[in-house]
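First the proteins, then the strands, lettered A, B, ... as listed; each starts at 1.
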Amino acid sequence: MADPINPADMACPMPLNKHDRVLLAHGGGGTLMRDLIRNVFAKTFARDGYTAEHDAARLTMPKGDLAFTTDSYVISPLFFPGGDIGSLAVHGTVNDLAMAGAKPLYLSAGFILEEGLEMAVLERVVASMRAAADAADVVLVTGDTKVVNRGKGDGLYINTAGIGVVPDGIRVGPERIESGDAILVSGDVGRHGLTILATRNELGFQSDLASDSAPVAVAVKALLDSGVEVHCLRDLTRGGLAAALCELAESSRLHFDVEQERVPVLDTTRALGELLGIDPIHVANEGRFVVMVPERQADKALEVLRAVDVSAGAVRVGTVNDQRQPGTVSLLTPYGVRHQLALLSGEQLPRIC
Amino acid sequence: MKYIDEYRDPATVKALVAELQRVVTRPWTIMEICGGQTHAIVRFGIDELLPDEITLVHGPGCPVCVTPIEIIDRALAIASREDVIFTTFGDMMRVPGTDKDLLMVKANGGDVRMVYSPLDAIKLARENPDKQVVFFAVGFETTAPTTAMLAQQARVLGLKNVSLLTAHVLVPPAIEALLSSPENLVQGFLAAGHVCTVTGFADYERFAVAYGIPIVVTGFEPVDILSGILETVRQLEAGQARVDNRYGRVVQREGNTRAWSVVAEVFEPCDRQWRGLGSIPMSGLAFREQWAEFDAEQRFDVGDIQSQEDPRCQSGLVLQGRLKPTDCPLFGVECTPEHPLGATMVSSEGACAAYWKYRPAAAVRSETVRDG
């Protein structure tokens with residue numbers, strides 16, 4: 001005899017509308033994509049009347065010059081001590097705006113998802129982006145989603161573009177660097193890149209290092225508001241402090257004297273760098289910048305920076321001059337030998353941002 | 001950071017330099033064998049701290065640099081095969097063969113992976129039973145034990161898809177080759193601390209006597225290197241020639257006999273071609289017959305290889321200590337880490353790479369002259 005029919009089992013076979021992994025159809029323009037945008041992106045990013053649901057957002061802009069930037073994030077692993085690809089994608093782009101002296105206002109977010117990515121991972125990253133955006137006081141106003149075949153991506157890539165406004169009268173850039181300027185660094189260097197390297201399991205390291213990834217606009221704003229005449233700002237991303245200084249020396253056609261002993265590096269960072277043969281001065285940071293200010297305002301600038309969390313470890317590392325070879329940076333070692341600081345060639349640490 | 005800070009202490013460094021200045025009365029030429037020491041010397045500017053009388057010349061102690069181009073080309077051919085996962089240490093990736101390097105093989109679809117230990121090849125072999133995993137073993141005595149262990153492990157685990165392309169070289173025969181050359185100008189040697197950790201330094205005692213030359217086992221930190229130089233100069237000034245160990249916290253006279261016995265089980269000495277130095281008798285390591293099944297050279301027939309070094313590259317002279325990298329007219333002009341003409345520009349122990357990394361000023365000057 002057949003089993004008695006249980007009316008509760010007689011449901012219509014409804015299409016699955018909740019998926020725990022990303023499917024190709026999530027980028028196909030149909031209902032799955034619409035639901036993903038609504039339920040994950042728009043729901044998380046909505047703020048101040050901006051819904052992040054449309055292909056283009058209409059923005060209200062304060063007075064001043066616009067600053068505009070874009071950056072793509074391909075970091076592996078997606079999650080690391082001190083952050084994840086989502087927070088990084090916000091910090092990196094708002095920091096680029098801050099380095100132009102701008103107040104960051106709006107971001108777009110483009111996602112390239114790999115088929116099979118766990119939805120929970122995506123949701124975690126998106127939530128982290130919102131938290132990072134709130135901390136940096138920016139709004140995610142528009143976005144885009146594409147899905148690529150399994151094996152053709154690496155889980156998740158993010159592109160963010162950002163718009164900010166440079167207040168009237170603010171002009172920062174390498175062309176404003178002058179001989180005699182003090183060179184300040186906002187905190188210890190080399191931590192982000194070495195954290196990522198230590199986190200990758202192929203090295204089998206365990207360390208208590210955490211990335212310095214953070215939005216620095218608040219420190220920049222404090223500096224600009226304090227009346228310090230900021231000549232130049234540069235974030236210390238790929239290539240680290242060394243690359244930033246070399247590029248600025250070259251653009252300004254001046255010489256930078258840096259004292260090696262003054263460059264702040266945490267002991268753990270230094271130890272890991274020694275082990276791997278990597279000098280932290282060449283390693284990427286995601287919450288550090290260098291700033292050039294007139295000598296007479298150096299102490300005041302340090303005081304202002306140190307009062308802000310993200311730049312509490314600010315120190316002076318050197319001085320700009322026009323006596324030595326223009327366009328280069330020299331490093332004075334603790335033994336009294338002066339060396340030219342060089343850009344490293346190629347990729348020291350791939351996929352760190 | 002105790003073991004770093006202690007051996008980099010500026011006050012100790014200054015005191016050693018002052019003592020050297022006090023002791024030295026005549027010009028002396030001293031060679032540091034190891035590329036790791038070359039990098040430390042250039043990085044910390046130790047050569048610039050020394051009294052004018054002392055000239056440091058850089059030795060052939062960069063295994064990657066002395067690997068003949070024929071072996072590099074063979075590696076590239078094996079790495080290009082579809083059935084192969086090719087593993088090696090990071091600094092082999094950019095070493096130029098006749099017309100490409102491993103990074104280019106990788107970009108063209110070859111499965112080339114950078115590993116941090118030869119034993120990583122075991123893991124890959126187990127995870128990829130349908131692939132042949134090849135480890136490209138380049139190094140001195142220091143890394144030979146782990147290379148030998150890879151073969152031993154593969155045998156214990158019965159892995160049939162692991163093999164090694166070996167280009168290991170031995171330091172003492174190279175020292176003897178340099179000393180017996182009629183063109184030799186070197187009056188004292190800093191022996192490579194890490195090599196001696198494995199091999200000990202009893203071998204060197206014979207050279208010190210036969211060639212009347214001080215040989216001082218030396219470490220890699222500024223204080224180590226200056227102590228090694230100071231001991232060498234003291235002996236030279238006193239007309240003495242003996243082996244002295246200034247890396248006693250790591251090195252013992254007998255070395256690590258257990259590690260070396262692993263090497264001796266798997267490998268035997270053989271004649272080897274060194275780039276820049278020519279063929280040196282009994283200066284390489286070849287698989288013993290009973291281990292030949294792990295020899296990638298025998299496992300993969302890659303046919304005839306026509307190798308050609310870039311004729312402009314003068315790394316042979318650099319490796320003999322007869323040309324300073326920055327005195328090479330191509331340094332930083334036609335030869336850079338992006339476009340290397342020879343391995344000395346890209347190996348982490350290469351002398352040209354050390355100068356490029358820490359003293360690029362020479363290259364900037366050449367460019368200025370060229371532009372002007």
Restricting to non-hydrogen atoms, name the atom on [X] and the atom on [Y] that form the minimum distance, rounded to 0.1 Å.
{"X": "B/F44", "Y": "A/V337", "answer": "O-CG2, 4.2 Å"}
{"X": "B/K357", "Y": "A/A342", "answer": "O-CB, 3.6 Å"}
{"X": "A/H339", "Y": "B/V42", "answer": "CE1-O, 3.0 Å"}

Report all side-chain donor-acceptor pairs from residues 105-115 of chain B shorter than 3.5 Å, counting only partners two or more places apart or in another chain.
residue	atom	partner	partner atom	Å
B/N108	ND2	B/M104	O	3.1
B/D111	OD1	B/R113	NE	2.9
B/D111	OD2	B/R113	NH2	3.0

Can you confirm whether more than 12 heavy atoms, excluding those of [X], are under 6.0 Å from its [atom1] atom?
{"X": "A/N149", "atom1": "CG", "answer": "yes"}
{"X": "B/N128", "atom1": "CG", "answer": "yes"}
{"X": "A/R150", "atom1": "CZ", "answer": "no"}

> For B/E221, what residues pass the salt bridge (Lys or Arg N to Asp or Glu O under 4.0 Å) criterion, not counting sequence neighbours?
Replying inline: B/R8

> Rounded to the nearest 0.5 Å, what separation is found between the CD atom of B/E48 and the OG1 atom of A/T333?
Replying inline: 8.5 Å

>> Between B/P10, B/G90, B/S117, B/A11, who has the most heavy-atom pairs with chain A when the cutoff is under 4.5 Å?
In response: B/P10

